[in-house]
Amino acid sequence: MPRSDEAEAFYHAVYSAIQEIPRGKVTTYGHIAALIGTPDRPRQVGICLKHLPNDPDAEFNGETVPWQRVINSKGGISPRSNHPAGAQTQANALREEGIPVEANEMGELRVDLAKYGWFPTQLPSEAGDGEEEGENGGEGRE
DNA sequence: CCGATGACAACGC
DNA sequence: CGCGTTGCCATCG
């Protein structure tokens, strides 16, 4: 649990932003950070998910927050330090949502950001020309 | 209280 | 264009 109220607000913003991710789509930590107004703190976003409460009574938990839809900018699922198998769990959850996850030779679970990437807001960086990650090339439905 | 680490990302070479 | 290093801030020891 957060030690500061400010941190709690940050966590709340992160969880809230993640809940906005439609099913069958994924986004990056950096984008979440940008959405909540702190594009310079993508790492803290990951920490928030790490601290995601398991209590079913909590407003934010693994059931209400689709943490599985949050991946890194490389379009892959990085192994956690504490629970290495957690990446597999995330990949499995994404597959159930209709998102194909394939592991390359390096064992890195990769997701097609170009197809399943969810980038709704026009960030100042990508507003002009600065495009990153990938764009919704096909844009399907939800 | 101070130092090290981390579910990341961007810049430099 | 791929690999290495730095920055960010909360949490752990």
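Each chain gets a letter, A, B and so on, in the order its sequence line appears, and its residues count up from 1. Please read all numbers here as calculations on a predicted model, not as lab measurements.
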Phosphate OP1/OP2 of dT11(C) contacted by Tyr11(A) side-chain N/O (<4.0 Å):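 Looking at the OP1 and OP2 atoms of dT11(C), one of them is under 4.0 Å from a side-chain N or O of Tyr11(A).
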Contact under 4.0 Å: Ser73(A) side-chain N or O vs dA9(B) OP1/OP2: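 Answer is yes, contact under 4.0 Å.
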Nearest-Å distance, [atom1] ([X]) to [atom2] ([N])?
X	N	atom1	atom2	value
Lys50(A)	dA10(C)	NZ	C1'	9 Å
His83(A)	dG6(B)	NE2	C1'	15 Å
Glu108(A)	dC8(B)	CD	P	11 Å
Arg80(A)	dT11(C)	CZ	C1'	18 Å
Asn82(A)	dC12(C)	CG	P	11 Å
Leu35(A)	dA9(B)	CG	P	13 Å
Ile32(A)	dA9(B)	CD1	C1'	14 Å
Ile36(A)	dA10(C)	CD1	P	12 Å

Find every protein N or O atom lying less than 3.5 Å from an N or O atom of nucleotides 1-3 of chain B, and list the pairs.
none

Sidechain N-carboxylate O distance under 4.0 Å for Lys25(A), Glu97(A):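 No, no charged N to carboxylate O under 4.0 Å.
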[X] versus [Y], closest heavy-atom pair with distance:
X	Y	answer
Thr64(A)	Gln19(A)	O-NE2, 3.0 Å
Leu113(A)	Asn72(A)	CD1-O, 4.2 Å
Gly76(A)	Ile71(A)	O-CB, 3.6 Å
Pro79(A)	Ala87(A)	CA-CB, 4.2 Å

Please produce a list of atom pairs where a protein N or O lies less than 3.5 Å from an N or O of nucleotides 1-8 of chain C.
from	atom 1	to	atom 2	distance (Å)
dG7(C)	O6	Arg43(A)	NH1	2.9

Nearest-neighbour nucleotide for the Ala7(A) side chain, dC8(B), dT11(C), dG6(B) considered: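 Among dC8(B), dT11(C), dG6(B), the one nearest the side chain of Ala7(A) is dT11(C).
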Nearest-nucleotide pick for Ile47(A), side chain only, options being dA9(B), dC8(B), dG6(B):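 The answer is dG6(B).
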Plane angle bin for Phe60(A) and Tyr15(A) - parallel if under 30°, tilted between 30 and 60°, otherwise perpendicular: tilted
Over 12 non-hydrogen atoms of neighbours within 6.0 angstrom of CG in Asn104(A): yes
side-chain contact (heavy atoms from CB on, under 4.5 Å) partners for Asp57(A), two or more places apart: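 Residues passing side-chain contact (heavy atoms from CB on, under 4.5 Å) with Asp57(A): none at all.
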Any donor-acceptor N or O pair under 3.5 Å, side chains Arg80(A), Gln90(A): yes
